[in-house]
2 protein chains.
Amino acid sequence: MTESGTRRAGRPRKAVLTRERITANALELVSDGGYESLTMQRLAKSLGVSPSALYNHVDSKHDLMQWIQELVMTDIDTTIFDTEPLTEALMQWATSYRNVFARHIPLIPIIAVLPVSDSPRTLSMYERVAEALKDYGLAENEIIPTIVALESFIFGSAMDTAAPHDIFDTTNHQDLTPHFTQAVAAQRKTQLNTSDDSFQRGLSAMITGLLAKGNAS
Amino acid sequence: MTESGTRRAGRPRKAVLTRERITANALELVSDGGYESLTMQRLAKSLGVSPSALYNHVDSKHDLMQWIQELVMTDIDTTIFDTEPLTEALMQWATSYRNVFARHIPLIPIIAVLPVSDSPRTLSMYERVAEALKDYGLAENEIIPTIVALESFIFGSAMDTAAPHDIFDTTNHQDLTPHFTQAVAAQRKTQLNTSDDSFQRGLSAMITGLLAKGNAS
DNA sequence: ACCTGAACACCGTTCAAGT
DNA sequence: ACCTGAACACCGTTCAAGT
């Protein structure tokens, strides 16, 4: 079985524009200058090629975004379902999921409507979560709504991460919004990051509620 | 005080390009052809004016989007906080909130990071919700995280609304994802719309958990 | 004060022509 | 099979020139 080392005769394979190289360069552009700097022209330049050459390897920019999405899913940890109790595992999984997409916000509208069959890694993640929920004893017809609800919260929370820290500043309207202004002050005094605090509270509330038996109204 | 009826002399006021007219036409473009058809050029044409003329009245397209956002907030009902018990009121408010932004998905990334002081109607909505939460007895420092968590779920759920109905179709991968495939089948048998079902379950789970006393871990 | 027309600096994408 | 260069059909935005 040791075929490694042997090499098919001829054709040394330039292998210049592979999916791997394209997505790697795309991710580099993104981490350097955000998604605004991910354009087909700049990507082509980073690969030392003309923009039109890209279209021999990827159908559209939207397709490229799906490639990136697929790559980025690698960072989400599902191994904790093997060891931790369900509630704890869901918390950790959701947290890593949110943190990954907080760094890739423009991918959210794409993954949110992407058929699972177009993203093998997303699909296998779902499979692992579905299995864990079933083992826990959740009713079969509750598994998908549970996953979708958690995901919606995860995506929304990832987007919230981009909000400026002073988004709730009301110094110009204090008199008109007394309760809100006071609530903002009270939260600020906790010294907690608002996004993180909200995510943790919402997540633990939702998980508790979703896993409770007979919560169907 | 009856100044109505009197009219300042001179200047009959053409009033051709007002904020009201601009946003009204923009909304019409959106409802006719979605947000893809909302471009400055088409908006100008619908107003019978050249594209550059728009920039005498609005600073940028992003600013225009904020105008639309502000207008759209009108559709969200907060009067139920006056009559219904908190849990029921939150459910109805969140549902109308989600349904509004399901029709305006491209506004979500904008409102998610928009300082409240730039959107009076959003601010007054927050004030009403904050007051209701305080009257209920929620701790002062829990009010903001509660609102933010609900909003994140609302935004994520609004986006989920755009997913194709067959997003979970796995006919090509059944063998690799047995649990997930079975869960999809079970949910499908309920005949419920997946987005609506997930939203309702997630919302009621989250509200219950967030309003429970001493849920801080 | 507000409009027009031309222009600018980009986008994503297509396509004939080359090797 | 894969690349280049030119072109197309758009974007949002600016600005001198008009009234």
Side-chain angles (χ1 to χ4, degrees), chain A residues 8-30 32-69 104-107 109-110 113-114 118, chain B residues 7-30 32-69 104-107 109-110 113-114:
Chain A
R8 288 302 223 97
R11 286 190 267 138
R13 283 240 177 216
K14 289 264 206 71
V16 25
L17 283 190
T18 61
R19 170 166 169 166
E20 285 70 32
R21 256 175 64 74
I22 291 172
T23 39
N25 280 40
L27 266 180
E28 198 182 340
L29 282 177
V30 165
D32 281 2
Y35 274 88
E36 319 88 75
S37 60
L38 178 59
T39 69
M40 297 302 268
Q41 353 252 333
R42 291 204 221 182
L43 178 56
K45 173 173 274 183
S46 86
L47 290 159
V49 105
S50 83
S52 52
L54 283 175
Y55 289 88
N56 288 313
H57 301 90
V58 65
D59 281 347
S60 62
K61 185 177 180 181
H62 189 263
D63 251 52
L64 170 65
M65 297 286 271
Q66 290 183 204
W67 287 4
I68 299 176
Q69 182 267 332
H104 297 278
I105 291 179
L107 293 181
I110 290 175
V113 302
L114 187 69
D118 289 355
Chain B
R7 194 182 294 250
R8 289 301 221 99
R11 285 192 267 138
R13 284 242 177 212
K14 289 264 205 73
V16 23
L17 281 190
T18 62
R19 170 166 168 165
E20 286 69 31
R21 256 173 65 72
I22 291 172
T23 38
N25 280 41
L27 267 180
E28 198 182 339
L29 282 177
V30 166
D32 281 4
Y35 274 88
E36 318 89 76
S37 60
L38 177 59
T39 69
M40 297 304 266
Q41 352 251 333
R42 292 204 222 183
L43 178 56
K45 174 173 271 182
S46 87
L47 289 159
V49 104
S50 82
S52 51
L54 283 174
Y55 289 88
N56 289 311
H57 301 89
V58 66
D59 281 346
S60 62
K61 185 176 180 182
H62 189 262
D63 251 52
L64 171 66
M65 296 286 271
Q66 290 184 203
W67 289 4
I68 300 176
Q69 184 267 331
H104 297 278
I105 290 179
L107 293 180
I110 289 175
V113 301
L114 186 68

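Just so we're on the same page: letters track the sequence lines, and every chain starts at 1.
In terms of heavy atoms, A:Leu107 sits closest to A:Gln69 at CD1-CA, 3.9 Å. Smallest separation of non-hydrogen atoms from B:Ile68 and B:Ala26: CD1-CB, 3.9 Å. Here the shortest heavy-atom pairing between B:Pro106 and B:Pro109 reads O-CD, 3.4 Å. In terms of heavy atoms, A:Ser50 sits closest to A:Ala44 at C-CB, 3.7 Å.
Annotation: side-chain hydrogen bond (donor to acceptor under 3.5 Å, both in side chains) contacts of A:Ser60 (sequence neighbours excluded): none. In this structure, the side-chain hydrogen bond (donor to acceptor under 3.5 Å, both in side chains) partners of B:Gln66, at least two apart in sequence or on a different chain, are B:His62. Among residues two or more places apart in sequence or in another chain, the side chain to side chain contact (heavy atoms under 4.5 Å, CB included) test is passed with A:Asn56 by none. With sequence neighbours left out, A:His57 forms a ring-ring contact (aromatic ring centres under 6.0 Å, His included) with no residue at all. A:Val58 meets the side chain to side chain contact (heavy atoms under 4.5 Å, CB included) test with A:Met40, A:Asp63, A:Leu64, A:Trp67; sequence neighbours excluded. Every residue two or more places apart in sequence or in another chain was checked for a ring-ring contact (aromatic ring centres under 6.0 Å, His included) with B:Tyr55, and none qualifies.
Sorted by first then second residue, the side-chain hydrogen bond (donor to acceptor under 3.5 Å, both in side chains) pairs that include residues 37-48 of chain A, not counting sequence neighbours, are A:Asn25-A:Ser46.
Along DNA chain D, read 5' to 3', the first and last nucleotides having any atom under 4.0 Å from a heavy atom of chain B are D:dC11 to D:dC15.
Contact annotation: the side chain of B:Ile105 never approaches that of B:Tyr35 to less than 4.5 Å [non-hydrogen atoms, C-beta and beyond]. For the pair B:His104 and B:Leu27, the minimum side-chain heavy-atom distance is below 4.5 Å. With contacts defined as side-chain heavy-atom distances shorter than 4.5 Å, the pair B:Leu47/B:Leu54 qualifies.
Where DNA chain D pairs in unbroken runs of 3 or more (Watson-Crick or G-U, both distances under 3.5 Å), the stems are C:4-8 with D:12-16, C:12-16 with D:4-8.
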Before giving the answer on side chain to side chain contact (heavy atoms under 4.5 Å, CB included), spell out for B:Lys61 and B:Leu43 the whole-Å C-alpha distance, their side-chain angles and the decisive distance to 0.1 Å.
-> CA-CA 11 Å; B:Lys61 185 176 180 182; B:Leu43 178 56; over 6 Å; no

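Contacts between residues 49-56 of chain B and DNA chain C, defined by a heavy-atom separation under 4.0 Å, are made by B:Val49, B:Ser50, B:Ser52, B:Ala53, B:Asn56. A heavy atom closer than 4.0 Å to some atom of DNA chain D occurs in no member of residues 34-44 of chain A. Across residues 58-69 of chain A, not one residue has a non-hydrogen atom less than 4.0 Å from an atom of DNA chain D.
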